[in-house]
Amino acid sequence: MADQHVAELNIARLKHDIDDPRIADFVNNLDRVNAAAERSDGFIWRLELDATATDVVVMNDPHIIANMSVWRDIDSLERFVFQTIHKRIYARKSEWFDAMDKMHFVMWPVPAGHEPDLNEALARLEMLNTQGASDEAFGWDYAKSSGLWRTELCDSSAA
């Protein structure tokens, strides 16, 4: 599968403005999380318009922020999400983000070397939300090789 990678989009709606002190711990850790991603085995690319991509307006809502990246494979992405500093920040998401009423995370295959744009990613998310998981748009539960997410989500829900 050297000719295929996996892209991911994760959107979240901030409870407060990005410069609000109640969001400061999240904002202050973005560089650390992004640096950990970039050092991770399997990382290929991430969306960068400024240092954190927090200036991207998604769905005409200034409180929705997007994270988009490309990884060698699902296992590499999963290790980053659940076995690095990202896990500690992710565990605190309810402090900073509203619960979303639809799926807000999607993965999909991309040709090696392809850097998706936000419109492509949002179309994949919409596909997941309207048609369900498929080889073209899916979440952790659809990915056959992933399993860390089950353990980690169960552990974090017990906390």
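We count residues from 1, following the sequence as given. Keep in mind that what you see is a predicted model, and the values were worked out from it rather than measured.
Between the side chains of His63 and Asp17, at least one donor N or O lies within less than 3.5 Å of an accepting N or O.
Side chains of Trp45 and Leu47 form a contact here, defined as non-hydrogen atoms less than 4.5 Å apart. Contact of the Asn67 side chain with the Phe105 side chain is not registered, since no non-hydrogen atoms from C-beta on lie closer than 4.5 Å. Proximity of Trp96 to Asp25: side-chain heavy atoms (C-beta onward) are separated by under 4.5 Å at one or more points. Using a 4.5 Å heavy-atom threshold, the side chains of Asn34 and Glu48 count as separate. Side-chain contact between Phe138 and Ile74 is present, with at least one heavy-atom pair separated by less than 4.5 Å. With a 4.5 Å cut-off on side-chain heavy atoms, Asp41 and Phe80 do not count as touching. Using a 4.5 Å cut-off on side-chain heavy atoms (C-beta onward), Asp73 and His5 make no contact.
Panel note: side chain Arg124, backbone Glu136; a donor-acceptor pair is recorded below 3.5 Å. A donor-acceptor pair is defined here as one N or O able to donate and one able to accept, closer than 3.5 Å; such a pair exists between the side chain of Glu8 and the backbone of Ser69. In this structure a side-chain-to-backbone donor-acceptor pair under 3.5 Å is missing from Lys102 to Glu126.
For the pair Lys87 and Tyr90, the cation-pi test (distance below 6.0 Å, angle within 45°) is failed.
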Yes or no on side chain to side chain contact (heavy atoms under 4.5 Å, CB included) for Trp108 and Val6, after CA distance, side-chain angles and deciding distance? CA-CA 6 Å; Trp108 70 99; Val6 65; over 6 Å; no
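Put simply, Met127 and Val110 are part of two different groups of oily side chains (I, L, V, M, F, W, Y) that touch within less than 4.5 Å, one to the next.
Between Pro116 and Ala7, the shortest heavy-atom distance links the atoms CG-CB, 4.0 Å. Residues Met68 and Leu9 approach most closely at CB-CD1, 4.2 Å, considering heavy atoms.
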